[in-house]
Amino acid sequence: MTRIPPTTNFNILFTSDLHGAIRPIHYNTNAYRHAGLALLASLIRQERERSPELLLIDNGDLLQGSPLASYAASHGSKVQTHPFIHILNELGYDATVMGNHEFNYGQELLRGAVQGSSFPWLSANIVMKREKQSPELAHQELHGDQPQVAGLPLAPDGAGIPAFGEPYLVKTLSTGVKIALLGATTHYIPNWEHPKNIEGLHFLDALETIRAWVKYIREYEQPDVLVVSYHGGFECDLETGEAAEHLTGENQAYEICREIEGIDVLLTGHQHRQLTAEIHGVTVIQPGFNGSGLGHVSVQLQQSPDGKWLVADKQARLLLLDEHPDLKPDPVVMKLTDELESSAQTWLDHPIGEVAGDGDLSISSATQLRLQAHPFIDLVHQVQMEATGAQLSNTAMLSEEARGFGKQITVRDVLSNFIYPNTLTVLELSGKDIREALEQTARYFELDTSGKVIVNPAYMQPKPQHYNYDMWAGIDYELNISQPVGSRVVKLEREGKPLGMDEKYSVVMNSYRAAGGGDYAMYPGKKVLHEGATDMAALVEDFIRRHQPLHVREVHNWKVTC
């Protein structure tokens, strides 16, 4: 009689890009929102009942992104456990991975979150800078007496010690199945983050770091299953492998699957997509953002005659809250955040100013706002130029949910419109640089078959990128979308005269854009005249308080035509 080999299976659950979405609420209006970790917690508990032994992971961008997160960062003690960490501890997370937005409030808050966690924070490629440390010493400190591995990734000064914990963890199930989980983060963070928030850190290339650690883990840990949790996304089309974005190196997930042997499952994020796929034998998944769903991977194993567990099958699926409309938020998570929520709501409703007369700073249509000069965007320019003294200003509308300001303005209104803690940078640019930047902005549009201006589909996939369309103050310009790409700036003047292509101008923008984010290749390397440390929401709030009541200006300095 043929002996049937023993089989077993285990499940992986993971969240990613929660961005402070804990409770099921839309903070703009306080309306119910069927999203957030409190609802996902109910799913997590259901899955634990079905499969007690599972791996529960957060893939990063937890600590920033909601008014509740802003309140926790600005009013909570930085030496006590972050309130969101209490929730992950309660739910029994096995690990979390550093996201790029974890650094937005500085390392003191981040280290407080790490220290309060009952689980490790993983990111193999974020390492400490250390002076006069040899590669051998760095390896010995991290690995003790274990043999050195050729090609183990080390920072330029020889330090390869992960800055916030361990590069990976190993978990052995009751069946004896040994799982290794390696964490990594997009190394593009220095292109976005304020230098003071990442002082003392090296961000190693994620692809090369994962390659070296996978080799190391396979050789020395010999796991049955190797999972990589990568706070990054896909740079290529999942079916064709063709480049789906300008290859800056920000996202490397497709290349990780294609080039690195030994990975069974790749958990991804950062792009806010919902996807599952199999790429070069690697099961990949991404669960969306703001607590819209869980990623679920089931791994089935079969035991070989020598006792080794071998992966027999892998299945990835998304557990989306839209498919569970009757799900209720977990009462424990709600209770853990009741006090924080109450304090945050009081803070959010605090009035800071009002709009004078018949002035209107409301946004009725994000589409129309991007077609011609708008009073709300003009207010943003006023804030940026007053804060820095720059001659010119550019800004983007950062959220499609932004609705501008009504007659009365509260803290809630400011945070609802300025959702990222961006700081300001002033660059010295030539007229030629400015023209090139406007041509890049004009790529956001194209004409449909009827000749109507529409958003270029390239700005909608693999995720919406409306934030890469800029609007300017201090110049008068016109973008004609019927003209060929690269020749759409048909008017560019300052004070009634053509902008001098060789003239130099001080231009204020957010730090993400100044680093070239959004394919603005004309900015990196330009002379930096000013780098601010205060985030935009705080600057706007301060401006409103000091300019009471706010007087709305009529603006007509630019438009889009076809």
Side-chain angles (χ1 to χ4, degrees), residues 351-366 368-399 402-429 434 437-438 441 466-467 469-478 492-496 499 505-514 529-560:
I352 60 173
E354 62 180 22
V355 178
D358 296 327
D360 186 2
L361 290 173
S362 65
I363 299 170
S364 59
S365 168
Q368 289 302 313
L369 177 142
R370 296 188 177 100
L371 293 175
Q372 60 186 11
H374 189 282
F376 180 81
I377 296 299
D378 178 63
L379 173 66
V380 179
H381 290 310
Q382 290 181 57
V383 173
Q384 294 190 164
M385 295 168 84
E386 182 184 283
T388 63
Q391 295 170 287
L392 312 180
S393 170
N394 72 49
T395 190
M397 182 178 172
L398 299 178
S399 169
R403 291 297 174 260
F405 297 144
K407 290 294 293 182
Q408 300 293 323
I409 306 173
T410 65
V411 173
R412 184 189 309 277
D413 297 322
V414 173
L415 292 178
S416 296
N417 285 279
F418 301 92
I419 60 175
Y420 301 111
N422 290 323
T423 56
L424 296 179
T425 300
V426 179
L427 300 181
E428 183 179 77
L429 301 178
I434 293 168
L438 286 169
T441 274
H466 303 294
Y467 52 81
Y469 176 80
D470 286 341
M471 296 156 281
W472 287 66
I475 55 176
D476 298 288
Y477 64 95
E478 180 179 338
L492 181 54
E493 298 178 351
R494 176 169 166 78
E495 298 175 343
L499 199 69
Y505 304 90
S506 57
V507 183
V508 58
M509 62 194 75
N510 70 47
S511 53
Y512 169 78
R513 186 70 79 239
L529 303 177
H530 169 82
E531 283 187 300
T534 306
D535 69 65
M536 193 60 187
L539 291 173
V540 171
E541 180 179 340
D542 178 67
F543 183 94
I544 293 170
R545 290 181 184 277
R546 290 187 294 101
H547 293 80
Q548 277 303 295
L550 281 181
H551 291 275
V552 178
R553 306 190 309 192
E554 289 293 325
V555 285
H556 306 283
N557 67 303
W558 67 270
K559 62 182 178 180
V560 175

Query - Backbone of G404 reached by a side-chain donor or acceptor of N417 within 3.5 Å - result: yes

Query raised in the report: Who pairs with N422 by side chain to side chain donor-acceptor pair (under 3.5 Å), at least two apart in sequence or on another chain?
Result: none

Query raised in the report: Mind checking what makes side chain to side chain donor-acceptor pair (under 3.5 Å) contact with T534, not counting sequence neighbours?
Result: none

Query raised in the report: Rounded to the nearest 0.5 Å, how far does CG of L550 lie from CD of Q382?
Result: 8.0 Å

Query - Euclidean distance, Y512 OH relative to Y467 OH, rounded to 0.5 Å - result: 5.0 Å

Query raised in the report: Is a side-chain N or O of Y469 found less than 3.5 angstrom from the main chain of R370, in a donor-acceptor match?
Result: yes

Query raised in the report: Any idea how Y477 and W558 line up, ring-wise: parallel (<30°), tilted (30 to 60°), or perpendicular (>60°)?
Result: parallel

Query - Flag, side chain of Q384 to backbone of M509, donor-acceptor distance under 3.5 Å - result: no

Query raised in the report: Please walk me through it: do Y505 and I475 pass side-chain contact (heavy atoms from CB on, under 4.5 Å)?
Result: CA-CA 11 Å; Y505 304 90; I475 55 176; over 6 Å; no

**Report entry** Minimal non-hydrogen separation, A473 against N557, with atom names
**Finding:** CA-ND2, 3.9 Å

Query raised in the report: Could you give the distance from CD1 (I363) to CZ (F376), rounded to the nearest 0.5 Å?
Result: 4.5 Å

Report task. Could you check V383 against M536 for side-chain contact (heavy atoms from CB on, under 4.5 Å), going step by step and ending with a plain yes or no? Result -> CA-CA 9 Å; V383 173; M536 193 60 187; 3.8 Å; yes

Report summary line: Per side-chain contact (heavy atoms from CB on, under 4.5 Å), V552 is matched among L361, D378, L379 by L361

Requested in this report: Start with the C-alpha gap between I544 and F405, add the side-chain angles, then the distance that decides, and say whether side-chain contact (heavy atoms from CB on, under 4.5 Å) holds.
Outcome: CA-CA 11 Å; I544 293 170; F405 297 144; 3.8 Å; yes

Query raised in the report: For the side chain of H381 and the backbone of M471, is there at least one donor-acceptor N/O pair under 3.5 Å apart?
Result: yes

Requested in this report: State, to 0.1 Å, how close L424 and A387 come at their nearest heavy-atom pair, and which atoms those are.
Outcome: CD1-CB, 4.4 Å

Query - Straight-line distance of I377 CD1 to L369 CG, nearest 0.5 Å - result: 4.5 Å

Query raised in the report: Does E386 have any side chain to side chain donor-acceptor pair (under 3.5 Å) partners at least two apart in sequence or in another chain, and if so, which?
Result: R546, H547

Report task. Not counting sequence neighbours, which residues clear side chain to side chain donor-acceptor pair (under 3.5 Å) with D470? List them please. Result -> R513

Requested in this report: Examine distances only and state if a side-chain atom of E428 and a backbone atom of L529 form a donor-acceptor pair shorter than 3.5 Å.
Outcome: no

**Report entry** Considering all heavy atoms, the nearest S399-I419 contact
**Finding:** CB-CD1, 3.8 Å

Report task. State the CH2-CG distance between W472 and L492, to the nearest 0.5 angstrom. Result -> 9.0 Å

Query - Main-chain N/O of Q391 paired with S506 side-chain donor or acceptor, under 3.5 Å - result: yes

Requested in this report: Quick one: closest heavy-atom pair of L415 and A537, and the distance?
Outcome: CD2-CB, 3.9 Å

Report summary line: So the salt bridge (Lys or Arg N to Asp or Glu O under 4.0 Å) pairs with at least one residue in residues 407-427 (sequence neighbours excluded) are D349-R412

Report task. Name all pairs fulfilling the salt bridge (Lys or Arg N to Asp or Glu O under 4.0 Å) condition that reach into residues 530-541, sequence neighbours left out, sorted by first residue then second. Result -> E541-R545

Report task. Quick one: pull up CG in L371 and OG in S365 and give me the separation to the nearest 0.5 Å. Result -> 8.0 Å

